Structure formats: C-alpha cells, structure tokens
Amino acid sequence: MSDFKYSVDGDGVATITWDTQGKSMNVMNQQGFVDLEAHIDTALADDAVKGVIITSGKPGSFAGGMDLNVIARMKESAGDNPAQGLFDGVMGMHAILRKIERAGMDPKTNKGGKPIAAALPGTALGIGLEIPLACHRIFAADNPKAKIGLPEIMVGIFPGAGGTMRLTRKLGAMAAAPLLLEGKLNDPKKARAAGVIDEVVAPEDLLSRAKEWVLSARDADIVKPWDAKGYKMPGGAPYHPAGFMTFVGASAMVHGKTKGVYPAAKALLSAVYEGAQVSFDTALKIEARWFVNVLMNPSSAAMIRSLFINKEALEKGANRPAVDDQRVQKVGVIGAGMMGAGIALVSAMAGIRVVLIDASQEAADRGRAYSEAYMDKGIARRKATEDKKAAVLGLITATTDYSALSGCDLIVEAVFEDPAVKADVTAKVEAAVGPDCIFATNTSTLPISDLAKASARPDNYIGIHFFSPVEKMMLVEIIKGKQTGDVAVAKALDYVRQIRKTPIVVNDARFFYANRCIIPYINEGVRMVREGVAPALVENAARMVGMPLGPLQLTDETSIDLGVKIAKATKAAMGADYTNDEVDEVLFWMADEGRLGRKASAGFYAYDDKAKRIGLWPGLGEKYPRAGTQPDVTQVQHRLLFAQVLEAVRALEEGVLEDIREGDVGAILGWGFAPWSGGPFSWLDILGAAQAVELCETLAATHGARFAVPDLLRDMAARGDTFYGRFGPQAKAA
Ligand code: NAD
C-alpha cells in the first residue's frame with residue numbers, strides 16, 4: 001500500500017495525503033518519492049483538477065523527515081561510483097520538487113500552472129519542510145507543540161532537497177542562517193514570523209483555508225520570486241555590499257563555532273554562497289554537488305550512523321532483553337539533592353508518579369522545589385504552562401516516610417556517595433516495597449556488584465547512572481551488576497525511554513564507561529600543564545578537535561575537590577597499580593590553594609566577580625613554567641583523543657561495553673566526545689587501525705605505558721579490520 005493517497009473533490013481540488021504505513025509520523029523513503037511524483041503527474045495532467053493540496057493523514061504532524069537509512073542504502077547500492085549514484089538520486093529529488101514548484105506553467109511566460117498548497121497539521125521537519133517549501137503557499141495549523149524546521153545539520157548533513165537554496169532565496173542568507181546552520185526549530189507562529197511558512201490557521205480550518213486559496217490563486221500568485229524576472233536575494237547576494245558583510249560574518253561565525261571540523265556547515269555555506277550567484281536550477285545542481293560531497297565525507301557518514309541510526313536503535317531497545325513491558329508507574333527517588341531533584345523532575349515530566357525521600361522533610365521539600373523553580377522558568381520563557389506545572393508538581397510527593405514507597409515499581413537511589421549510607425537506604429527501601437520492585441543506584445564511582453551485597457534481591461539491583469544536570473543531559477548509563485537480572489535491565493531501559501533519554505547498557509567495572517574515558521582526558525590535560533605545555537595550547541587544541549570543553553575547563557566545571565576525592569578513592573582501591581600521582585600533584589596543589597573550580601570562582605581559570613570565566617589563571621603558569629619547546633597542536637590533540645579512545649577500546653576488550661554503538665553514542669551524548677567523528681570507535685575506523693597503532697606506539701615511547709596499544713587494536717591492524725566491520729550490528733547478526 002502506498003504512503004500517499006490521492007483524491008479529487010467536486011470543486012476540482014486534488015488532495016495528496018501523506019500517511020506512512022505503520023508509523024506515527026510520516027517519514028520519506030524511496031518509494032514515497034515515486035508515489036508522490038505519480039500523484040503530482042496525475043493532477044497536472046488532469047484537466048478537471050484546478051489545484052492541489054498536499055497534507056498529512058497524521059493528526060498533529062506533517063512529517064518527521066527523511067529515513068536516513070535511505071541515504072546509507074543509496075550510497076551502498078551505487079556500486080563502484082557511490083558519488084555518482086548519490087548525485088543522480090539527489091537530482092531526482094530536485095526534479096520532483098521542481099515539478100511541484102513549476103506546476104506545469106509555461107517556462108517563458110510563467111503562466112498556466114496549477115496552484116499547489118501545503119497544509120501542515122503540525123510538525124514538519126527536514127524533507128517534511130522541503131516539500132512545502134517547493135509548494136506555492138504553506139499553511140500550518142495553529143498547534144503550539146508543532147516544530148517546524150530543517151534540523152539536518154544536527155546529524156552532520158544539511159538540507160539537500162532544495163531546502164538550502166529555497167530558504168536562503170525566500171528569507172535571505174542572514175535570516176536563513178540560524179535555521180540552516182543551527183537547525184533551529186520554531187512553532188508555527190514563530191515560523192510564520194520568520195517567514196518560513198505563509199499562514200497559521202485554526203486546526204479545523206486548515207484544509208478549507210488551503211482549498212479557498214487554491215481556488216482563488218492566480219498565475220502571479222504561484223510564481224516563486226526566484227523564477228520571476230528581476231529577482232534579488234533579500235539582504236543582498238554575495239557581491240552586494242550588505243550581502244558581502246553577511247557572508248564574511250557567516251564564514252567567521254561558522255568557523256568560530258565548528259572550528260572547521262564539521263564538513264556539513266562549511267559545505268552548506270559554500271553551497272549558499274555559490275548558489276546565490278547563479279540561476280535557481282544551477283543553484284540546485286550546486287546544492288546537490290555539495291550535498292554529495294558531505295554524504296561522501298566519512299565524518300558525515302559516521303555522524304548519521306551514531307547520532308541518527310544507532311541512537312534511535314538504542315532508544316528503541318536494540319539491546320533490551322525480551323521480557324514484558326516494564327514501563328514505570330510509580331518511582332521512588334531516595335536523596336533529594338542535586339541529582340535526586342533532577343531525577344524527580346524528569347520522571348514527573350514524563351507523567352510518572354514520584355515519591356521523593358530525603359533524611360529531613362526540609363531537604364525533601366527543597367528537592368521538590370527544584371521542579372517548581374524549573375517549571376516557573378519554563379513558564380517565564382513560554383515553554384510551559386501553569387497547568388503543566390500543576391500536573392508535574394501534583395505527581396511529586398516529598399516526604400521522609402518510607403512507607404510512601406509502597407506500590408513503587410522502581411527506586412532510584414541518589415544519596416551520598418558512601419557505601420554505608422547506600423546500604424542502610426537499600427535495607428529501608430526493601431522493607432517498604434514489594435518483592436518485584438527494581439532498585440537502581442545512581443552511584444558514579446562505586447561498583448554495582450559490591451553495593452548489591454546490601455540487597456536481599458541482587459537480581460533486582462542495577463545501576464542507572466544519570467549525568468548532571470539531569471534535565472539537560474541526554475545519556476543514561478545502565479550498569480549491570482554480576483547478578484542483575486533481565487527484568488531489571490528491561491525496567492531500566494523502559495524507564496529511560498519514558499523519560500525520553502538515550503540509554504547505553506554496560507557491565508560493572510571501575511567508573512563504568514563514560515567516566516572511565518573522560519577521567520583520562522582530564523588527566524592528560526593536567527599532565528601536560530605539569531610538563532610545561534602552555535595551558536592555552538592544551539585548551540585550544542581540545543576545542544579545535546571538537547571537544548566541547550578543554551580538559552582544564554571541564555575540571556573547573558566538575559570541581560577540583562571532586563577530582564581530588566575520586567583520585568584518593570581510586571588510589572586507595574588500586575594501591576601499587578595507581579599511575580596518576582603526577583596528575584594528583586597538580587590537583588592537590590590547586591585544592592590546597594582553594595582553587596576548587598567554577599563553584600569557587602577560582603580554578604584553572606580566573607573568574608570575575610560575576611563568576612564569569614575571564615581567562616586562564618596566571619598562577620598556573622608561575623607554578624608550572626612554560627617549557628622552551630612546545631608540542632604542535634596535532635601532538636596535543638593525539639594525546640587528548642587517544643587518552644579517551646584507548647579506554648573505550650579497553651572497555652570493549654574487557655567486555656564492559658558489549659556493543660560499539662553504545663560506545664560511540666554514549667561518548668558523544670555523555671561527555672561530548674568530538675561529535676564530528678561519530679564517537680571513539682568511528683574515529684578509529686576513520687583513522688584506520690594500522691595508523692592508530694603507529695601513533696600509539698610513538699605516544700607510548702614518548703609519554704608512557706598508558707598509550708600502550710591494546711591487543712585488540714593490534715590484532716585489528718594486522719587483519720585490516722574496522723570496528724564496525726568486525727563488531728557492528730551486521731557483523732553480529734552474521
Ligand atoms: P547531593 O549531596 O547533592 O545529594 C545527596 C542527598 O542525599 C542529600 O539531599 C542528602 O540529604 C540525601 N541523603 C543523604 N543520606 C540520606 C539518607 N540516609 N536517606 C535519605 N537521604 C539521604 O549529591 P548528588 O550530587 O545529588 O549525588 C547523589 C548521588 O548521585 C551520588 O551517589 C553521586 O555519586 C551520584 N552522581 C552524582 C553526579 C553529580 O554530577 N553530582 C552525577 C552522577 C551521579
């Protein structure tokens with residue numbers, strides 16, 4: 001059955017209704033284009049048809065975008081010349097959308113075309129907005145929840161079905177920039193104010209208003225400005241004085257934000273710049289060439305794989321054990337501090353009943369007040385309503401009374417990071433809940449299997465590790481203890497799905513996965529400072545390779561005393577195997593100086609009296625003077641990246657990670673590992689195992705055994721393997 005339905009009413013208005021089978025939101029696939037084109041051909045050829053409305057059969061949405069698997073398949077199926085295959089495919093899309101836009105009109109006189117309106121019941125993303133942009137008028141239902149925009153840049157590509165050319169020609173490069181370069185989404189009213197869509201109408205009037213327009217539109221109403229004589233780009237094309245300023249500014253801004261490591265942003269800007277200087281049809285060809293250039297770039301392919309395909313697969317439960325639905329009805333959150341308060345908030349926002357417990361009523365109330373303040377901020381920003389706030393707060397009971405936990409099917413414990421406190425809480429909880437209740441700890445450093453010893457039901461005991469701030473960070477790391485059972489894993493996964501975050505499931509080992517990789521990154525940065533590498537070089541090298549924060553800034557953000565605490569605990573546990581004394585020297589000295597990081601307005605950075613970071617602290621350079629010879633930026637970057645990815649490889653080797661997709665997605669969402677790379681394993685695949693081995697050998701010879709090549713990587717280099725070739729889902733299934 002086709003995803004597009006066609007009908008013609010008694011007034012000669014044809015309606016093409018998009019209704020993707022088996023999905024709650026429309027998604028474009030290869031067959032979809034074929035069907036859409038066939039209906040357009042029928043409408044244009046039928047004399048009884050006066051005009052067309054393209055709409056959606058899904059209530060509240062038009063389309064979520066393109067199924068990016070299609071692009072992956074297009075490339076794979078194009079044989080020896082994938083670039084040509086992609087280019088032909090993209091030009092095919094352009095031809096269909098151009099057919100809608102020209103609607104049968106005479107190429108010379110621009111007369112005789114049929115009006116085609118897009119009627120959007122709600123959300124319209126990616127290709128779901130590019131098709132409307134090719135129509136002659138875009139109507140959207142007044143649906144404040146709807147999101148309208150072109151988010152492609154977020155997954156490492158750009159709008160390649162004409163959206164880039166049409167939006168810049170419709171709005172001008174300056175106004176289109178945030179929509180294209182940041183993937184900014186708007187509700188219908190804001191999209192109308194930005195000029196992206198043309199009319200917002202009451203939902204019940206959507207189709208009648210579109211029909212009214214179709215029946216009244218004249219020839220001049222359906223000629224796009226860029227197809228009319230004398231078209232000038234709003235705000236000026238590149239050689240217009242104002243346009244010149246825009247393009248120079250945009251180049252600088254893009255480079256400032258992306259540091260040149262994201263190929264899509266650069267390519268998009270090139271396409272816009274070049275496309276603005278030629279006819280529209282030539283511009284589409286230019287867009288297609290740049291789009292293919294991006295699709296052929298290994299970074300884009302890796303970003304699509306991690307941030308779209310694999311992220312979604314993990315969210316849908318790719319590694320969920322096959323047990324019944326475990327959606328959470330009532331959650332008990334123990335400890336109403338920074339983490340507990342956030343966990344209560346995200347749970348209540350997902351409609352889950354929450355019992356929030358702390359040692360005193362005052363502390364419990366403070367935890368609940370966090371949700372109140374959060375919702376108030378949302379209301380002030382018009383992102384929430386009083387009703388939503390009342391609903392969220394109505395779901396949270398703050399108390400000290402454990403008997404309120406009766407009926408909970410999940411507990412998330414977030415009390416002090418102290419095994420004795422956690423053990424005490426575990427016993428109290430288990431006395432109050434039923435035998436099927438799953439108990440999760442939010443510990444960031446303590447082994448789950450050890451903590452589970454305090455539980456009478458270790459098969460129901462699991463780690464659910466949130467990142468701070470809970471409401472912002474999208475990753476949740478689920479940790480299986482030695483005895484954790486399948487139901488507990490499924491419960492944790494179903495819960496993470498309810499609160500709309502992305503889960504990874506790992507086995508129990510020191511620091512689990514994310515912290516295991518991020519701590520060596522921080523340590524490597526601190527080590528370099530101690531060696532006399534200029535702190536600014538360390539920080540800038542990290543940012544230039546796509547890390548969101550340099551290691552020193554990250555230490556300031558997470559606080560230096562926390563680093564000291566973790567270092568002391570790790571040393572006590574590891575004894576003679578501990579290798580970070582050099583790092584500790586710097587951290588302990590900083591702590592003694594009272595430079596505890598951002599919270600103290602003093603750390604590796606200096607801060608002004610409004611707690612704004614003003615630059616690296618000069619005292620650091622006095623204590624650890626700059627060495628006469630400085631490494632080049634690539635050497636610094638290799639040290640910082642390999643410190644992380646070698647841990648990821650070891651985590652895989654040791655079975656802490658069971659799925660490299662989780663390793664990649666977890667790295668990007670958990671600690672912002674250079675997203676352009678697609679994650680540590682994708683980065684190693686781009687680099688190639690042989691080159692990685694060579695670089696690590698040099699690093700190990702110069703800087704120490706922490707860079708020693710893991711056996712797995714050496715073996716892969718010898719066999720010419722890639723991680724995705726050897727451990728990807730296809731390899732696993734084979
Ligand atoms: P916090 O100090 O802000 O909050 C802990 C809360 O637990 C306090 O409100 C305290 O009163 C309460 N509490 C202590 N003992 C209790 C008891 N016996 N019964 C009931 N309540 C009790 O700490 P936090 O930063 O929210 O961390 C909580 C847990 O989450 C720790 O295990 C920590 O390692 C982990 N964690 C923290 C972060 C982070 O960035 N802060 C990130 C991930 C995980």
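Note that ligands are numbered from 1 as they come in the structure, with each ligand's atoms numbered from 1 the same way. Values in this document were obtained by computation on a predicted structure and should not be read as measured data.
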Open item on the list: Can you tell me which portion of Val425 lies within the under-4.0 Å heavy-atom range of ligand 1? Options are side chain, backbone, both, or neither.
Closed with: side chain
Task: Atoms of ligand 1 close to Ala414 [distance to a heavy atom under 4.0 angstrom, numbered from 1] - done: 5 (C), 6 (C), 7 (O), 28 (C), 29 (C)
Task: For atom 11 (O) of ligand 1, the option (of Val415, Thr443, Asp358, Val412) bearing the nearest heavy atom - done: Asp358
Open item on the list: When you measure from the heavy atoms of Lys422 to every atom of ligand 1, does any distance fall below 4.0 Å?
Closed with: yes
Task: Atom indices of ligand 1 within 4.0 angstrom of Gly337 heavy atoms, with elements - done: 3 (O), 4 (O), 6 (C), 9 (O), 26 (O)
Task: Ligand-side contact atoms (ligand 1) for residue partner Ser468, heavy atom cut-off under 4.0 Å - done: 40 (O)
Open item on the list: Is it true that Glu430 and Tyr461 share a donor-acceptor pair across their side chains at a distance under 3.5 Å?
Closed with: no
Open item on the list: List ligand 1 atoms under 4.0 Å from Val421, heavy atoms only on the residue side.
Closed with: 15 (N), 18 (N)
Open item on the list: Within the 3.5 Å criterion, strictly below it, is a donor on Thr579 or Arg706 matched to an acceptor on the partner's side chain?
Closed with: no
Task: Closest approach of Pro675 to Gly672 (non-hydrogen atoms, all atoms of both residues) - done: CD-O, 3.7 Å
Task: Euclidean distance, Asp577 CG relative to Thr570 OG1, rounded to 0.5 Å - done: 12.5 Å
Open item on the list: Would you say Thr385 and Asp387 are linked by a side-chain donor-acceptor pair, where the criterion is simply a distance under 3.5 Å?
Closed with: no
TODO: Report, in ascending order of atom number, the atoms of ligand 1 lying under 4.0 Å from any heavy atom of Ala359.
DONE: 20 (C), 21 (N)
Open item on the list: Under a 4.0 angstrom heavy-atom cut-off, which atoms of ligand 1 come close to Asn442?
Closed with: 30 (O), 35 (C), 36 (N), 44 (C)
Task: Exam field: side chain Glu477 to backbone Ala514, donor-acceptor pair closer than 3.5 Å - done: yes
